[in-house]
2 protein chains.
Amino acid sequence: MRDVARKSGLSIATVSRVINFPGEVPAETAEIVNTAMRYLNYRPNINGRRLKMSQTRTVGVLVPTLANPVFATSVQGIEQEANIEGLTVLLTSSNYDPEREMGAVSALLNNRVDGLILTLANADNNPVVDLLLAEKIPFVLLFNQPERADIAAISVDNAKSAFDITNAMIAKGHRSLVMVAGQFESSDRSRQRYDGFCRALDQAGIEKKHLVQVRFGETDLVEPLRDLLLGPDAVTGIVCSTDMLAIAAISACRAHGLSVPGDVSVGGIDGISVGGLITPKLCSAVQPTQEMGRQALAFLRGLIKGQTNPQSLLLPHHLSDGDSIGAFRGDSRRRSSTRV
Amino acid sequence: MRDVARKSGLSIATVSRVINFPGEVPAETAEIVNTAMRYLNYRPNINGRRLKMSQTRTVGVLVPTLANPVFATSVQGIEQEANIEGLTVLLTSSNYDPEREMGAVSALLNNRVDGLILTLANADNNPVVDLLLAEKIPFVLLFNQPERADIAAISVDNAKSAFDITNAMIAKGHRSLVMVAGQFESSDRSRQRYDGFCRALDQAGIEKKHLVQVRFGETDLVEPLRDLLLGPDAVTGIVCSTDMLAIAAISACRAHGLSVPGDVSVGGIDGISVGGLITPKLCSAVQPTQEMGRQALAFLRGLIKGQTNPQSLLLPHHLSDGDSIGAFRGDSRRRSSTRV
DNA sequence: TTGAAAGCGTTACCAA
DNA sequence: TTGGTAACGCTTTCAA
């Protein structure tokens, strides 16, 4: 910048003005400066600006993992919106480990991000949330559904999604169901969805509530489901907490020689549409994920500007029959009507 | 930092030393400083450091989109490795638009990243590559396979993957094949894979080479494939440039009332295993994507340190029969042996 | 309309 | 072993 100033025979202050307030500078002066900048291949050092200014125009994002298309797609939405707004995105992932959440957020704060978008293992009684609240750093939870109402969060209603999908399966005649869910410790969504599952069964007067818990990343359900699929009281339907688990469940059914649907029906909840990829057989509760990411960033911007107050936003989910291989994107309602 | 210094009755310089070179400071001094830091809730401002130091310990990442699990998973690998090394990841996406690549990289350079990992629309004759070469900024291409040998790149051999998979289908008796590929302008992988497809057909003495090009994001192949599936010279097999396209193709086949495999066989190339999700029916050329991301970052670190020279790294791909819904992760060879 | 200069939070050199 | 201080590149106030 000093070089540009020297080259154009003007001061550093003027160069800065040309960059930041081109309107406040005569066109010809701006021209001189711009020429010098091009000549010298000048690149503003954003770190200098960040150090000086109170706003860094940077947002931090924490997701459990990008290996799950749900989170990846939401980050794509955040990224897209950030691009439009000229914001920089700092990305970290926790690998579903609550212990790593604090470290990751800490690193983001050291970068002086203006705000954060987080998908946490557990939104309630979370030290990260407490820290952010104490330091008054704007943040939006994504996919989490905290109990406190004064925390910004964007999610579907997890319990209701599970409740609806379970009811849909009951309506199709299933009386014997199991829920496959992730470990409750690493996903409050799992627990909330299990609650919805139980509520639907209770309401239908079904006593037996099976639960298979799977640790993160596990995709082999052949053994965990063996008894429930082949035993004397085999279930006729599987409700899955996530679409990835539903895929694994379908695979396991086939490994045991069962057809889906037919011998078994599978439903997948995610509050999402899986990046245009697939939805599991029979039932699916969906909400376009990318759009949720964009909304989260828009919401966060409001918080940062102080124009909005933190509050939970529960998006409606859409219940639909699923394809085991579908191909929809964006609008989850426009889905291929084919069947396997 | 000044506050910490004052609180501990020492100088700023000492505080800095405690943070950066704890070994060069007496344990008790360090203890005093640490106590003060905790008491004051001190957070180092990384931007100050970045401004001062020549290395920012930050890497920039550019992918076409995170909505494609292939890229998302690779970013997860990069992210994971960066976490271990204490590096910050700056993420951007081009949405497959070559025009946006320069803008995105420019923004990353303004952040003074130490190096870049890029998946470009076209690696050859690319202004971004020229810029980086001219400015001597370390970078690694991921999934791109540039002609120049002195550019760092990690990829499978795109042409060979397509060649192998096409040969596999020919070996199964197919004589009438179509390739479904993305637009060549937005993916050099597409073109390279199409070349491999053609070479295999040539070698088998098959004249007819069908090509259906699909623009990015399109997942509805029902119309584009209608004639080729139902017409008088209908194909018996479809080779797809990516797994996402293969899924769309399978879906289209079913929409037309064709079974897969059976009436039609579908093969999908991606040089990847899709984040544990699915592989398309019949054939698949796979390579664990997350691992590729990790390798890319490790490679980049070598370049940044000046310990390595830029060179292309072609990973072997693994040809396998695919499941339309599988569930493998990491090791692509340990895959569910079920069939639809 | 332009410029001088202070200061953002660090690091690292040189002295004490 | 510790401290004073210049410098990193930028923004912004105040004055000219």
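Letters go in sequence order (proteins before strands), and every chain restarts at 1.
The list of ring pair (Phe, Tyr, Trp, His ring centres under 6.0 Å) pairs with a residue in residues 69-99 of chain A, not counting sequence neighbours, reads A:Phe71-A:Phe143, A:Tyr96-A:Phe216. Applying the ring pair (Phe, Tyr, Trp, His ring centres under 6.0 Å) rule to pairs touching residues 38-64 of chain A yields nothing, sequence neighbours excluded. Within the structure, no pair that satisfies the salt bridge (charged side-chain N to carboxylate O under 4.0 Å, His left out) test touches residues 52-72 of chain B, not counting sequence neighbours. Applying the side chain to side chain donor-acceptor pair (under 3.5 Å) test to residues at least two apart or on different chains, the pairs with a partner in residues 296-310 of chain B are B:Glu85-B:Arg301. Within the structure, the salt bridge (charged side-chain N to carboxylate O under 4.0 Å, His left out) test picks out the following pairs touching residues 4-25 of chain A (sequence neighbours left out): A:Asp3-A:Arg6. Residue pairs satisfying the side chain to side chain donor-acceptor pair (under 3.5 Å) criterion with at least one member in residues 111-123 of chain A, sequence neighbours excluded, are listed as follows: A:Thr56-A:Asp114, A:Asn111-B:Arg50.
Rounded to whole Å, the distance from CZ on A:Arg50 to C1' on D:dT12 is 19 Å. The nearest whole Å value for the distance from the CD1 atom in A:Ile32 to the P atom in C:dT1 is 14 Å. D:dT13 atom P lies 11 Å from atom CD of A:Glu24, rounded to whole Å. Atom pair A:Asp3:CG and D:dC8:C1' shows a separation of 13 Å (rounding to whole Å applied).
Residues satisfying the side chain to side chain contact (heavy atoms under 4.5 Å, CB included) criterion with A:Leu141, sequence neighbours excluded, are A:Leu118, A:Leu120, A:Ala123, A:Phe139, A:Asn144, A:Pro146, A:Ile151, A:Ala153.
Look at A:Thr14 and you'll find a side-chain N or O under 4.0 angstrom from OP1 or OP2 of C:dG3. Of the side-chain N and O atoms in B:Ser11, none sit less than 4.0 angstrom from OP1 or OP2 of D:dT2.
Nucleic acid contact for B:Thr29: sugar-phosphate only, since backbone atoms but no base atoms lie under 4.0 Å from a heavy atom of the residue.
Helix-axis bend for the helix from C:dT1-D:dA16 to C:dA16-D:dT1: the local axis fitted to the five terminal pairs at one end deviates from that at the other end by 40°, rounded to 10°.
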Starting at the 5' end of nucleotides 6-15 of chain C, put B wherever the base has a protein heavy atom under 4.0 Å, S where only the sugar-phosphate does, and a dash everywhere else. BBBBBBB---
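Nearest heavy atoms, B:Ala104 versus B:Thr92: CB-OG1, 3.9 Å.
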